[in-house]
Participant: 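I'd like to ask you about the structure that follows.
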There are 2 protein chains.
Amino acid sequence: MRIGELAARSGLTAKTIRFYESAGVLPAPARRPSGYREYEEGAVDRLAFVKAAQAAGLTLAEIRDVIMVRDGSGAPCEHVVALLDTHAADLDRRIAELTALRRQVQRLRSRARTLDPAACSPAAVCQVIPTDAVAAATRTAGRRDGQQRRGRGAAHC
Amino acid sequence: MRIGELAARSGLTAKTIRFYESAGVLPAPARRPSGYREYEEGAVDRLAFVKAAQAAGLTLAEIRDVIMVRDGSGAPCEHVVALLDTHAADLDRRIAELTALRRQVQRLRSRARTLDPAACSPAAVCQVIPTDAVAAATRTAGRRDGQQRRGRGAAHC
DNA sequence: CTTGACCTTCCAGTGCAGTGGAAGCCCTAC
DNA sequence: GTAGGGCTTCCACTGCACTGGAAGGTCAAG
């Protein structure tokens with residue numbers, strides 16, 4: 001089948017499928033004389049796996065590694081289980097961070113109700129966010145290094 | 001004071017301070033004849049506010065808006081409270097998503113213990129991640145608006 | 001023979017908050 | 001007069017998963 005049909009059958013766009021090929025999660029298919037990609041049935045399953053693995057929180061780079069193990073030495077199950085464990089730990093940490101941040105926001109929000117809007121001084125910009133209180137609480141949490149986003153789901157619609 | 005001293009006093013780098021100026025969260029200071037930035041004391045407070053607002057989950061764009069309200073019409077408290085409410089709702093949503101994902105990963109992980117590694121077929125890549133199970137669980141989950149962050153990093157291999 | 005859907009490649013941009021580095025000026029101490 | 005540290009600007013890059021668009025080739029129907 002051509003890329004358009006694969007896109008329709010997998011629920012992805014043709015553009016995304018080409019991107020997946022370049023990302024190494026989908027093998028480069030045969031080409032027609034015209035240059036058009038010609039996919040076999042297996043491509044649908046492969047894309048289903050990619051979607052399922054993404055939904056389980058794996059990145060494309062991780063999925064690519066899993067697939068390379070699969071296409072090389074054999075069953076990647078151990079590797080996958082290790083990835084799941086790592087992601088579970090990441091999720092626990094992130095959930096704890098976000099929960100702490102949520103509590104902090106709630107505290108600020110509640111405190112705001114007790115403040116006099118007129119008492120807000122330009123120097124502090126806004127007294128609802130005191131310049132000394134929050135820092136410690138979320139210093140570990142709201143750090144901004146690695147992206148995440150996971151949880152995806154509605155990611156591609 | 002020059003930018004190096006402000007950096008030391010605020011706990012940021014000079015580079016970050018210049019970036020904040022370009023992002024509109026720190027007003028452009030006076031310049032010495034040499035072109036060096038010359039900051040007043042207030043800049044320390046301003047940067048403390050920016051850090052506190054970031055710790056409370058606000059983005060630089062939101063902080064810039066708050067500051068523009070402050071420097072314009074007056075007290076931005078209402079605006080800030082609205083932002084806090086929005087972020088609280090975002091956090092609730094994201095925590096729920098991540099919690100659902102966490103449960104799903106746990107399910108896959110548990111199920112993996114019952115599987116025979118030899119039964120893994122190349123077509124499915126890896127039976128630990130079934131191509132039909134996960135989708136529904138996180139389908140409702142992550143919109144891409146709220147960035148997550150957090151250090152995933154190549155935890156595998 | 002043309003229309004239009006479909007396909008190709010390549011380049012660039014998105015969002016977020018910075019970080020890295022190059023090329024070059026300023027200032028003080030030795 | 002030179003060594004150094006600090007400062008300036010500008011551009012590019014990070015991570016992640018796409019998405020948009022341009023310029024052009026392919027193919028079947030009318």
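Quick note on labels: first sequence line is chain A, next is B, and so on, each numbered from 1.
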Participant: Would you say B:R107 and B:Q104 are linked by a side-chain donor-acceptor pair, where the criterion is simply a distance under 3.5 Å?
Facilitator: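 Result is yes, a qualifying pair exists.
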Participant: Please confirm whether any donor atom in the side chain of B:K15 sits under 3.5 Å from an acceptor in the base of C:dG20, or the reverse.
Facilitator: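 Checked by distance alone, the answer is yes.
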Participant: Send over the distance from B:L12 CG to C:dT19 C1', rounded to a whole Å.
Facilitator: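 The distance from CG of B:L12 to C1' of C:dT19 comes to 14 Å, rounded to the nearest Å.
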Participant: Treat each ILVMFWY residue as a node, draw an edge where side-chain heavy atoms are under 4.5 Å apart, and state whether A:M1 and A:Y36 are in one component.
Facilitator: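 No, it is not one cluster - the side chains of A:M1 and A:Y36 are not joined through contacts under 4.5 Å.
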Participant: Could you give the OH-to-P distance, from A:Y39 to C:dT8, as a whole number of Å?
Facilitator: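 Taking atom P of C:dT8 as the reference, OH of A:Y39 is at 7 Å.
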Participant: When the distance from CG of A:L58 to C1' of D:dG15 is rounded to whole Å, what number comes out?
Facilitator: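 Nearest whole value for this atom pair: 17 Å.
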Participant: Do B:V69 and B:I63 share a hydrophobic cluster, counting only Ile, Leu, Val, Met, Phe, Trp and Tyr and linking them when any side-chain heavy atoms are less than 4.5 Å apart?
Facilitator: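 As far as the 4.5 Å side-chain criterion goes, B:I63 and B:V69 are not connected within one cluster.
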Participant: My understanding is that only one of A:R31, A:R2, A:R32 makes a side-chain hydrogen bond (donor to acceptor under 3.5 Å, both in side chains) with A:E38; could you say which?
Facilitator: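 For A:E38, the side-chain hydrogen bond (donor to acceptor under 3.5 Å, both in side chains) test succeeds with only one of A:R31, A:R2, A:R32, which is A:R32.
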Participant: Flag the pair B:L101 / A:L91 as yes when at least one side-chain heavy-atom distance between them is below 4.5 Å, and no otherwise.
Facilitator: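 In short, these two side chains touch, coming nearer than 4.5 Å.
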Participant: How many Å lie between CD on B:E21 and P on C:dA17, as a whole number?
Facilitator: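 Going from CD in B:E21 over to P in C:dA17 covers 18 Å.
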Participant: Flag the pair A:R9 and A:E41 as a salt bridge only when some basic side-chain nitrogen lies within less than 4.0 angstrom of an acidic carboxylate oxygen.
Facilitator: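 Salt bridge: yes.
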Participant: Let me know the distance between CD of B:E38 and P of D:dT8, rounded to the nearest Å.
Facilitator: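 Value for this atom pair: 10 Å.
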Participant: How close do B:Y39 and B:A43 get, heavy atom to heavy atom, and via which atoms?
Facilitator: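 Looking at all heavy atoms of both residues, the shortest contact is CD2-CB, 3.9 Å.
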Participant: B:M1 has an atom CE; how far is it from atom P of D:dC7, in whole Å?
Facilitator: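 Nearest whole value for this atom pair: 12 Å.
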Participant: Provide, to the nearest angstrom, the distance between the CZ atom belonging to B:R94 and the C1' atom belonging to C:dC16.
Facilitator: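 Whole-Å distance recorded here is 13 Å.
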Participant: Through what angle, rounded to 10 degrees, does the axis of the helix from C:dC1-D:dG30 to C:dC30-D:dG1 turn between its ends, using five pairs per end?
Facilitator: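 The end axes of the helix from C:dC1-D:dG30 to C:dC30-D:dG1 are about 40° apart, to the nearest 10°.
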Participant: Hey, can you pull the residues of residues 22-37 of chain B with a non-hydrogen atom under 4.0 angstrom from DNA chain D?
Facilitator: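 Close to the strand are B:R31, B:G35, B:Y36, B:R37.
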Participant: Given D:dT19, is OP1 or OP2 found less than 4.0 Å from the side-chain N or O atoms of A:T16?
Facilitator: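 Yes, A:T16 has a side-chain N/O under 4.0 Å of OP1/OP2 on D:dT19.
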Participant: Quick check for you: among C:dT19, D:dT19, D:dA17, whose closest atom lies nearest to any side-chain atom of A:T13?
Facilitator: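 Among C:dT19, D:dT19, D:dA17, the one nearest the side chain of A:T13 is D:dT19.
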Participant: Taking B:Q54 for the side chain and B:T59 for the main chain, is one N or O donor matched with an acceptor at less than 3.5 Å?
Facilitator: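 Flag not set: sc B:Q54 to bb B:T59 has no pair under 3.5 Å.
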Participant: Starting at atom CZ of B:R18, determine the distance to atom C1' of C:dG18, rounded to an integer number of angstrom.
Facilitator: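 After rounding, the reported distance stands at 13 Å.
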Participant: Under 4.0 Å between a side-chain N or O of B:Y20 and OP1 or OP2 of C:dA17?
Facilitator: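 Checking C:dA17 against B:Y20, no side-chain N or O comes under 4.0 Å of OP1 or OP2.
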Participant: If you check the B:R2 side chain, which of C:dG18, D:dA17, D:dG6 turns out closest?
Facilitator: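 My answer, after comparing the listed nucleotides, is D:dG6.
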Participant: Examine distances only and state if a side-chain atom of B:K51 and a backbone atom of B:L12 form a donor-acceptor pair shorter than 3.5 Å.
Facilitator: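 Absent.
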